[in-house]
Amino acid sequence: MAIYLDHTIVPAHDKEQSARFMAHIMGLEYNGLFGHFAPVKVNEHLSLDFDNRENFQSNHYAFLVTDEDFDAILGRVQEAGLKYGSGPRAQDDMQINHLHHGRGFYFRDENGHSWEFITHTYIKEEMLGDLGRPAAASVRQRG
């Protein structure tokens, strides 16, 4: 049985501004409102549904990406002049980490949410049966 997270609501002070911003950072498209949500389709299984809220707690969103996507996302964060960092408690040290045989970084958006991008999962390799990288998983699924 396959289980996928279909969508998650991302609270924002301005849902469309936030959706456009994160779509740009992630190299995705924002195609306008759907109902009262401002969705950003991440892949065939996941949509980030931005929604206006006045009061909310900031959240953490972590994404496993390829090395190429990592470079592109980090480049867009840097071009935007955003502070980023190597860890959850160092989100503004302007460094990336090299944990778990990969690379990763964090940054906060205008809503206070923490966004993390990693090239290697933190889940133990023994549990995955592969290298823990997105490319390895997609090759395995095709075969």
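Just so you know, these numbers come straight off a predicted model, no measurement behind them. Every heavy atom of this structure was used, including side-chain atoms; hydrogens, water molecules and symmetry mates were not.
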query: Ser47 and Pro39: which non-hydrogen atoms are nearest, and at how many Å?
result: OG-CB, 3.6 Å
- request: Give a yes or no answer on whether the side chain of His120 reaches the backbone of His100 with a donor-acceptor pair at less than 3.5 Å.
  value: yes
message: Within the 4.5 Å heavy-atom criterion, are Gln91 and Ser114 side-chain neighbours or not?
response: yes
query: Okay, side chain of Arg103, backbone of Ile96: is any donor-acceptor separation there less than 3.5 Å?
result: no
query: Does Leu28 share a hydrophobic cluster with Leu74, counting links as ILVMFWY side-chain heavy atoms below 4.5 Å and allowing steps through other members?
result: yes
- prompt: Side chain of Asn111, backbone of His13: donor and acceptor closer than 3.5 Å?
  reply: yes
- prompt: How long is the span from the CD1 atom in Ile73 to the CZ atom in Phe107, to the nearest 0.5 Å?
  reply: 8.5 Å
message: Taking Asp49 first and then Lys15, would you say they form a salt bridge - that is, a charged N and a carboxylate O separated by under 4.0 Å?
response: no
- request: Give the cluster check for Leu82 versus Val10: same hydrophobic cluster or not, with ILVMFWY residues linked at side-chain heavy-atom distances below 4.5 Å.
  value: yes
field: Ring centers of Phe105, Phe70 separated by less than 6.0 Å
entry: yes
query: How far apart are the closest heavy atoms of Gly85 and Asp93, and which atoms are they?
result: CA-OD1, 3.1 Å
query: Is the Phe117 ring parallel, tilted or perpendicular to the Phe63 ring (thresholds 30°, 60°)?
result: parallel
query: Is there side-chain contact between Thr8 and Leu48, with heavy atoms separated by less than 4.5 Å?
result: yes
query: At their closest point, which heavy atom of Pro88 faces which heavy atom of Arg108, and how far apart are they?
result: O-NH2, 4.4 Å
message: Suppose we screen for side chain to side chain donor-acceptor pair (under 3.5 Å). Which residues come up paired with Asn59, at least two apart in sequence or across chains?
response: Tyr61
- prompt: Got more than 12 heavy atoms from elsewhere within 6.0 Å of CD, Gln78?
  reply: yes
query: Does the side chain of Tyr4 come under 3.5 Å of the side chain of Glu44 through a donor N or O and an acceptor N or O?
result: no
- prompt: Can you tell me if Asp109 uses its side chain to pair, donor with acceptor, with the backbone of Trp115 under 3.5 Å?
  reply: no
- prompt: How far apart are the closest heavy atoms of Leu64 and Thr119, and which atoms are they?
  reply: CD1-C, 3.7 Å
field: Phe50 with Leu46, same ILVMFWY side-chain cluster at under 4.5 Å
entry: yes
query: Do Phe34 and Tyr30 belong to the same hydrophobic cluster, where Ile, Leu, Val, Met, Phe, Trp and Tyr are linked whenever their side-chain heavy atoms lie under 4.5 Å apart, directly or via other members?
result: no
- line: NE2 of His45 to CD1 of Ile3, rounded to nearest 0.5 Å, is 12.5 Å
- prompt: When the aromatic ring centroids of Phe56 and His113 are compared, is their separation below 6.0 Å?
  reply: yes
Same apolar cluster: Ile9 and Met26, side chain cutoff 4.5 Å: no
